[in-house]
Amino acid sequence: MRSEPAPELRALPLISLPPAGSRDARPGLSGVPIDHLAEWLDERGEPGYRARQIADHVWSAAAQSSDQLSTVPNALRAQLDESFRVTTLASTEITPADKGLTMKALHRLDDGQLIESVLMRYPARGWRRARATVCISSQAGCAVGCPFCATGELGFGRDLEVAEMVDQVRFWRQWLAGVGQRLTNVVFMGMGEPLLNAGPVLAAAAAITDPGRLGLGARHVTISTSGVVPGMDQLTAERPQYTLAVSLHAARPELRDVLVPLNRRYSVEAVVAAADRYAATTRRRVTYEYVMIDAINDTPLDSAALAELLRGRGAHVNLIPMNPVAHTPWRPSTIERTETFAATLRHAGIETTVRRNRGIDIGAACGQLAADRAGAPAPAAIARRRELLVAQSAAALATPDGN
Ligand code: SAH
Ligand code: SF4
């Protein structure tokens with residue numbers, strides 16, 4: 001385990017999340033497993049079939065309030081309202097982009113926290129069927145604080161409960177049904193670090209993939225992590241067939257300390273070893289995400305280090321141009337640098353794709369809408385942060401093995 005950086009070297013959150021109001025103690029209905037619901041009904045002397053009846057409203061019809069539980073008697077609806085919330089999303093604003101192929105939602109939760117989800121639709125192309133992927137948040141804000149990430153700027157708000165994650169999916173599934181389309185994929189790549197909220201995230205993934213609830217194939221669910229080793233091991237122990245995406249962004253420890261501060265706790269070697277264990281147990285290929293930042297992590301030295309790290313592991317690398325949303329001194333890598341970087345990896349036998357950014361015009365790197373709502377940070381704070389990042393990245397680039 002590496003030591004924590006001195007406080008003056010830590011990039012503190014630039015802006016604060018809105019102060020959280022009090023929380024509604026009633027769990028969201030979509031987070032309650034059907035057998036728990038059956039027990040709850042049994043305790044009230046209700047027949048067992050009511051559980052399936054209620055579940056059908058929640059899962060097939062995406063009910064948003066107890067009035068919509070049309071087959072459930074009024075007295076039982078009132079009891080349900082006392083114990084549960086039919087939806088956990090208090091309100092939602094949608095912003096379209098990419099000619100409507102990308103839709104971004106800002107959801108307000110009952111305590112005033114703002115979270116984001118994104119729908120990305122990919123029309124059918126050649127033999128590939130049309131896809132509709134929903135990207136959901138697992139926390140309000142994020143404690144990891146990657147300095148290129150809009151969510152990282154917000155700092156940590158709170159963990160989301162199971163239903164708050166599932167309701168983002170239900171929201172978009174219903175929206176898609178309205179335009180005659182089907183949801184095909186869910187990715188935990190919105191705000192937050194899913195594996196720092198592993199229990200509820202795995203319960204939400206179970207609800208999304210349970211044939212009796214949302215029924216998506218496990219292989220169509222991706223969990224993205226910045227490298228929380230215990231969470232990765234928990235995932236491995238459960239042996240699901242989810243796709244694991246690891247946000248690497250640097251292979252050299254000095255640089256990864258700057259780009260993904262969690263590297264100080266879980267080293268890059270430990271993270272890759274945990275990913276190998278997941279791959280060996282589940283026989284699923286792990287995807288490594290690598291945000292391309294101009295002249296910071298896209299140098300020949302970095303591609304060589306990454307090739308060395310991942311060679312022979314059967315991994316897939318996804319190069320993502322940095323979405324220039326954060327208050328950093330950094331810019332996305334050029335296409336040429338990205339292609340050169342990709343060529344080095346491919347030469348080492350590593351399957352590599354270059355991702356086209358979606359929804360750049362609305363800042364689709366999650367956290368941007370919520371960050372905008374939080375207001376602009378003070379110019380002096382931005383300047384200090386930029387100086388700090390320049391100094392830290394320069395130091396990382398100038399280490400003995402970084403010349
Ligand atoms: N916390 C998790 C999941 C949410 S972030 C994680 O870090 O993996 C999902 C992905 O978006 C990560 O790979 C993250 O590095 C990437 N991302 C964050 N900010 C970005 C930006 N400005 N441009 C491009 N990708 C970004
Ligand atoms: Fe958190 Fe992921 Fe953003 Fe890093 S990239 S701050 S881990 S949400």
Side-chain angles (χ1 to χ4, degrees), residues 10-15 17 115-118 120 133-157 159-160 165 168 186-198 201 205 221-229 231-232 235 242-250 256-266 271 275 286-294 296-298 316-333 338 353-360 362-371 389:
R10 251 183 248 143
L12 292 168
L14 272 184
I15 34 189
L17 290 156
I115 57 162
E116 296 176 38
S117 65
V118 185
M120 290 163 286
T133 298
V134 170
C135 172
I136 62 170
S137 295
S138 56
Q139 297 179 313
C142 182
V144 177
C146 305
F148 54 84
C149 169
T151 303
E153 288 192 354
L154 290 167
F156 180 65
D159 285 331
L160 299 192
M165 290 179 260
Q168 297 170 61
V186 171
V187 296
F188 286 82
M189 285 193 178
M191 298 169 84
E193 169 45 59
L195 296 184
L196 287 177
N197 186 22
V201 161
V221 171
T222 299
I223 297 181
S224 178
T225 182
S226 56
V228 181
V229 171
M232 293 169 79
L235 196 60
Y242 306 138
T243 300
L244 176 65
V246 176
S247 297
L248 209 54
H249 311 322
R256 196 162 188 271
D257 278 352
V258 179
L259 298 183
V260 187
L262 197 65
N263 197 63
R264 296 168 192 274
R265 180 169 299 187
Y266 305 114
V271 170
V286 171
T287 300
Y288 287 93
E289 308 280 309
Y290 198 102
V291 168
M292 298 293 290
I293 312 176
D294 188 47
I296 296 295
N297 66 352
D298 64 352
H316 178 111
V317 174
N318 209 350
L319 302 178
I320 310 154
M322 180 186 138
N323 208 343
V325 294
H327 294 99
T328 71
W330 301 329
R331 311 298 311 157
S333 304
T338 305
T353 47
V354 176
R355 186 153 92 197
R356 193 177 77 82
N357 256 355
R358 259 302 177 89
I360 243 176
I362 51 158
C366 248
Q368 184 62 16
L369 293 180
L389 291 175

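Note that the numbering runs from 1 along the sequence shown for the chain. One-based numbering, in listed order, for ligands and for the atoms of each.
- Against a heavy-atom cut-off of under 4.0 Å, Gly192 is close to the following atoms of ligand 2: 8 (S).
- Summarising the geometry of Thr338 relative to Met292, their closest heavy-atom pair is CA-CE, 3.9 Å, with the distance given to 0.1 Å.
- At a heavy-atom distance under 4.0 Å, no atom of Val260 approaches ligand 1.
- When heavy-atom distances to ligand 1 are checked against a 4.0 Å cut-off, Met191 has no atom that comes that close, whether in backbone or side chain.
- Ligand 1 places these atoms under 4.0 Å from at least one heavy atom of Thr225: 6 (C), 8 (O).
- Of the candidates Gly190, Ser224, Pro321, Pro324, the one placing a heavy atom closest to atom 4 (C) of ligand 1 is Gly190.
- Distance CG/Leu195 to CZ/Phe188: 10.0 Å, rounded to 0.5 Å.
- Every atom of ligand 1 is numbered from 1 in the order shown, and the set under 4.0 Å from a heavy atom of Ser247 is 6 (C), 7 (O), 8 (O), 12 (C), 13 (O).
- Taking every non-hydrogen atom of Gly192 and a distance limit under 4.0 Å, the qualifying atoms of ligand 1 come out as 1 (N), 2 (C), 3 (C), 4 (C).
- Residue-level proximity to ligand 1 for Val291 is carried by the side chain, the only part with a heavy atom below 4.0 angstrom.
- For Glu289, every heavy-atom contact with ligand 1 shorter than 4.0 Å involves the side chain, none the backbone.
- Inclusion of Cys146 in the first shell of atom 4 (Fe) of ligand 2 is supported: an N, O or S atom falls under 2.8 Å.
- Numbered from 1 in the order shown, with element, the atoms of ligand 1 that lie under 4.0 Å from a heavy atom of Met189 read 4 (C), 5 (S), 9 (C).
- Below 4.0 Å from some heavy atom of Cys149 lie the following atoms of ligand 1, by number and element: 18 (C), 19 (N).
- In this structure, the side chain of Ser137 engages the main chain of Met191 through a donor-acceptor pair within 3.5 Å.
- Here Cys149 meets the criterion, with an N, O or S atom under 2.8 Å of atom 3 (Fe) of ligand 2.
- In terms of polar-atom proximity, Phe148 is counted as a contact of ligand 1, with an N or O under 3.5 Å from an N or O of the ligand.
- Listed by atom number, the atoms of ligand 1 under 4.0 Å from Ser226 heavy atoms are 6 (C), 7 (O), 8 (O).
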